[in-house]
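On a predicted model such as this, the values are computed, not experimentally measured, just so you know. All chains are named by letter (A, B, ...) in the order of the sequence lines, taking the proteins before the strands, and each is independently numbered beginning at 1.
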Amino acid sequence: MTNWTFSSEEASSLQQELATHVERTTQLNQVRYIAGVDVHIHNEVGRAAIVVLDFATLKPIDVGTALRPVTFAYKPGLLAFREGPIIFDAFERLEIRPDLLIFDGHGIAHPRRLGIASHLGVMLNLPTIGCARAPSLGHHGNLSKSKGSYTLIFDESEVIGAAVRSHDNGKPLYVSIGHRVDLTDSIKYVLACCRDYRLPETTRWADKIERRVEKPKFK
DNA sequence: GCGACAG
DNA sequence: ATCTTGTCGC
């Protein structure tokens, strides 16, 4: 399951098949635990982290990490095949199962409507949101500079996501449905997690944190 | 043929 | 993803 050895053509057709299983309506009861997912790759060695937060307080309560070489080269539209396997490794190390996961990448805002958030959402059978820092497909109008504003992204006549201002005067985030969440809720949960978001401060703190693959203790 | 299409 | 500098808001 985590040994993905596909050609680009096979990967692409698998996406078309999996895309038929994506559900674009919200099926969330209560979100008690929400998780952020990201992968860092250096010299073809990947490090993945899934941080589970208590949604009420946004305090971290669990983390799953993984370290392994990546094999699939990056190709636009096929990010899930590069980062997916190591994300599964990290997910298996979680002790607390999140109700909702936010990915660093697109959901249905994707050529075959199956970005990494949708792909992993279907495979994990969990609600997911795509939250990318750069747009992929589609076009959108202007959005105001104030935090919380957003504008829909269209591909032809289809709404595939929204450009969302997560903080005043900052670069927008590109939010899209991953799986089992509608766009309105996707935007809502992303903004809720950006409650005190400030990129420069986040970066400064991140620089001070020693990279580690051991599981921190929260108790 | 050219451009676009996360990380 | 990466790299660098300047600018602005709080």
(request) Run through A:N125, A:T25, A:T26 and flag the one making a side-chain hydrogen bond (donor to acceptor under 3.5 Å, both in side chains) with A:R180. (result) A:N125
(message) Under a 3.5 Å cutoff, is there a donor and acceptor pairing between the side chains of A:R112 and A:S12?
(response) yes
(message) Going by side-chain contact (heavy atoms from CB on, under 4.5 Å), A:I34 matches just one of A:L101, A:V51, A:L100. Which one?
(response) A:L100
(request) Name the nucleic acid region contacted by A:L78, choosing base, sugar-phosphate or nothing; use a 4.0 angstrom heavy-atom cut-off, strictly under. (result) base
(request) Tell me whether A:L79 is reachable from A:V22 by hopping between hydrophobic residues (I, L, V, M, F, W, Y) whose side-chain heavy atoms are closer than 4.5 Å. (result) yes
(request) Just do the side chain to side chain contact (heavy atoms under 4.5 Å, CB included) check on A:T128 and A:V37 with the steps written out, would you? (result) CA-CA 10 Å; A:T128 62; A:V37 184; over 6 Å; no
(message) Check the phosphate of B:dA6 against A:Y74, side-chain N and O only, distance under 4.0 Å to OP1 or OP2. Yes or no?
(response) yes
(request) Encode nucleotides 2-7 of chain C as B, S and - characters from 5' to 3', where the letter depends on protein heavy atoms closer than 4.0 Å: B to the base, S only to sugar-phosphate, - to neither. (result) S-----
(message) From CD1 of A:I177 over to P of B:dA6, roughly how many Å is that when rounded to an integer?
(response) 20 Å
(request) Measure the distance from CD1 on A:I153 to P on B:dC5 and round it to the nearest whole Å. (result) 11 Å
(request) Check whether any side-chain heavy atom of A:K75 lies under 4.5 Å from a side-chain heavy atom of A:F81, and answer yes or no. (result) no
(request) Provide the closest heavy-atom pair for A:A35 versus A:P98 in the form atom of the first, atom of the second, distance. (result) CB-CB, 3.7 Å
(message) For Watson-Crick and G-U wobble pairs within 3.5 Å on both distances, what is DNA chain B written in dot-bracket notation, | included for inter-strand pairing?
(response) .......
(message) Check the orientation of A:F55 and A:Y189. Use parallel for under 30°, tilted for 30 to 60°, and perpendicular for over 60°.
(response) tilted
